[in-house]
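Heads up: the structure comes next, in structure tokens.
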Amino acid sequence: NRELIGWLAACAVLACVLLWPVRYPTLTVATQPHAEVPLRITSDSPLEQQLPGDQANLAGFAFWPVSGQSPVPLRLTVSDGGGVLHEQTERIIDMETSREGARVFLFNRQRSRQASESLTVTLRVAVGDELEIKRAQQSMVPDGVPMAFAQQHFASGPLWPTVLKLTTAHKTEGEDVWHHWRRGGDVAAGENPYLCVPQGSCVDGKIPIHFPLFYWLSAATRSIGLDGFGEWLGLWRPVFLGSYVAIGLLLAWPFIRRRWLAAGVAVLLFWLLNRWSLYVIRVSHIDFLALLPLVASVVAWPKRQRLALVLFGISLALKQVAIFLVPVYLALVWQRGGTQRIRRLLLAILLIGLVPALTVLPFAADLDAFIEAVFFSATRSSQADFGAPSVDGILGLTGGATRALMVGLMLLTAWSSWRKGLSLAAAGLLIFAIFITFNAVIFNQYFIWLLPFIPLAIADYVRAERV
């Protein structure tokens, strides 16, 4: 009974957090960039605004008064053909300390209505009061919507679905995923996507630096009729999201299996809602798809090492960010000892390299182009999404010297796995921490390669302490 209560409580906490109701802006029409004649509201002339009929989930409304006025109480009414939906009197507030000077109304309840009905928003002041509000910047007003004044609309929805909805609304043309789609078209047409490097013809200067498994998958989906980018992404985005959720479940499993339910829920929420995961969802990079077999490999390693090695190879074939873990895997295989040590090591190399080699084999005739493209990552100049330069950036180093310190620290980590039995999860945590803090090139999506190893290493440590 206690265990059942624990499971129910854990599920309830998870559901409460993921489905917690939140409000979010759905439309913002900014104020005029230059001073204009404001709109005046008096008791005799309230201000009315017609809203489109698709505002069924209107949960709040805001506008911007002209600064320097004395605050006055306002009454806002939202109505449709069937009657009043919201009626709220805003308390007198300091205009300068409210939401960037805005007057904000957030609605607690809403009468159900048909989405096709139009809405009328009315702003009123008390007898003897008046208020001037800022006009709208007309270049930002949606077509067909008569908006005279600057305003912001809010909707409501459950936390996690709303976050996913807002992040996936980002346009991805020109992002890395768009180039994956285009290279899939090259492969489907029988062309080698890596030849653009020696020819100097890579679109937008984007060099195909990854192993080609996803190019083959992209080509396959384009060959079955999903040739346009939008419909192609319509298939792959759910796959990316499914990988993202599956990773969270894999990370929570070591804790749930030991009945550490609170820790399992915390780990799952940590993965689903952290900013780096949400960034990758926003730009639809393929990192989740490549990270999933890596996490599965680490989870499977203690009991099913051959499967773990194949999964690791699949991760490399999709996106070889985890290539720095190769020495760690081999060190752990060697560390098992025994008379079959050499045989095990050679088998491990074969299992890791099998899938990457098979995906590269069709491009063997132009192997130089593939090598030049893939090794570009090892020689590219310092570049980051942040203002924190790496050691090589401060010293102005170029070429292979930019990675010398990073590679040295990673080899020390692999040596610790070989000589001291450092676990795969702990070594992975160190490897990716070194990668993020010392690599000359660092982008936002790199952080999600570090995050899974935090709970995995903690689970390993606690398990070892209890043995």
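All residue numbers in this chain count up from 1 along the given sequence.
Trp236 places none of its side-chain heavy atoms less than 4.5 Å from the side chain of Ser284. Side-chain contact between Cys196 and Pro208 is present, with at least one heavy-atom pair separated by less than 4.5 Å. Taking 4.5 Å as the limit, every side-chain heavy atom of Asn192 sits out of range of all side-chain heavy atoms of Asp186. Contact check for Val265 versus Val17: no side-chain heavy atoms found under the 4.5 Å cut-off. Side-chain atoms of Asp287 and Trp449, non-hydrogen and from C-beta on, do get closer than 4.5 Å to each other. Using a 4.5 Å heavy-atom cutoff, the side chains of Ile352 and Leu330 are in contact. In this structure, the side chains of Arg306 and Leu347 come closer than 4.5 Å at one or more pairs of heavy atoms. In this structure the side chain of Val22 never reaches within 4.5 angstrom of the side chain of Val163, judged on heavy atoms.
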### Query
side chain to side chain contact (heavy atoms under 4.5 Å, CB included) between Arg344 and Gln305: does it pass, once the steps are laid out?
CA-CA 11 Å; Arg344 288 190 185 124; Gln305 294 188 359; over 6 Å; no
#### Entry: Audit row: Ile458, Val267, side chain to side chain contact (heavy atoms under 4.5 Å, CB included) steps and yes/no
CA-CA 11 Å; Ile458 291 173; Val267 167; over 6 Å; no
### Query
Going through the distances and angles, do Asp176 and Lys206 end up as a side chain to side chain contact (heavy atoms under 4.5 Å, CB included)?
CA-CA 8 Å; Asp176 285 0; Lys206 278 283 196 178; 2.6 Å; yes
### Working for side chain to side chain contact (heavy atoms under 4.5 Å, CB included), residues Leu261 and Trp7
CA-CA 7 Å; Leu261 300 182; Trp7 276 101; 4.0 Å; yes
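With rounding to the nearest 0.5 angstrom, the CG atom of Leu291 is 11.5 Å from the CD1 atom of Ile286. Between atom CG of residue Leu307 and atom CZ of residue Phe312 there is a gap of 14.0 Å, rounded to the nearest 0.5 Å. Note that the CG atom of Leu272 and the CG atom of Leu14 stand 7.5 Å from one another [nearest 0.5 Å]. Note that CG of Asp366 and CD1 of Ile371 are 11.0 Å apart. Values are rounded to the nearest 0.5 Å. Taken from CE in Met410 to CD1 in Ile323, the straight-line distance is 11.0 Å, to the nearest 0.5 Å. The CG atom of Asn274 sits 5.0 Å away from atom CG of Leu451, with the distance rounded to the nearest 0.5 Å.
Side-chain atoms of Arg237 come within 3.5 Å of backbone N or O of Thr168 as a donor-acceptor pair. Checking side-chain atoms of Thr413 against main-chain N and O of Leu409 turns up a donor-acceptor pair under 3.5 Å. Judged by distance alone, with hydrogens and angles left aside, the side-chain atoms of Thr162 form a donor-acceptor pair with the main-chain N or O of Pro158 at under 3.5 Å. Checking side-chain atoms of Gln320 against main-chain N and O of Ile209 turns up a donor-acceptor pair under 3.5 Å. Using modelled atom types, one side-chain atom of Ser423 and one backbone atom of Ala426 make a donor-acceptor pair closer than 3.5 Å.
Residues Ala369 and Leu195 approach most closely at CB-CD2, 4.0 Å, considering heavy atoms. Nearest heavy atoms, Leu18 versus Pro161: O-CD, 3.6 Å. Residues Thr359 and Trp216 come closest through the heavy atom pair O-NE1, 3.0 Å. Of all heavy-atom pairs spanning Leu226 and Leu235, the tightest one is CD1-CD2, 3.5 Å. Taking all atoms of both residues into account, the shortest heavy-atom contact from Lys319 to Ala290 is CB-CB, 3.7 Å. Residues Ile281 and Phe288 share a closest heavy-atom pair of CG1-CE1, 3.6 Å.
A cation-pi arrangement is found for Arg341 relative to Trp334, the charged atom lying closer than 6.0 Å to the ring centre and inside a 45° cone about the ring normal.
Thr221 and Trp232 share a donor-acceptor pair across their side chains, judged by distance under 3.5 Å alone.
Trp301 is linked by a ring-ring contact (aromatic ring centres under 6.0 Å, His included) to Tyr329, counting only residues two or more places apart in sequence or in another chain. Here Phe453 pairs with Phe432 under the ring-ring contact (aromatic ring centres under 6.0 Å, His included) rule; sequence neighbours left out.
Below 30°, between 30° and 60°, or above 60°: for Tyr279 and His285 the angle between ring planes is above 60°, a perpendicular geometry. Under the 30°/60° scheme for interplanar angles, the aromatic rings of Phe105 and Phe63 are found to lie parallel.
Atom CZ of Arg257 is surrounded by more than 12 heavy atoms from other residues, nucleotides or ligands within 6.0 Å.
Under the ring pair (Phe, Tyr, Trp, His ring centres under 6.0 Å) test applied with Phe370, the options Phe376, Phe211, Phe363, Tyr215 reduce to a single match, Phe211.
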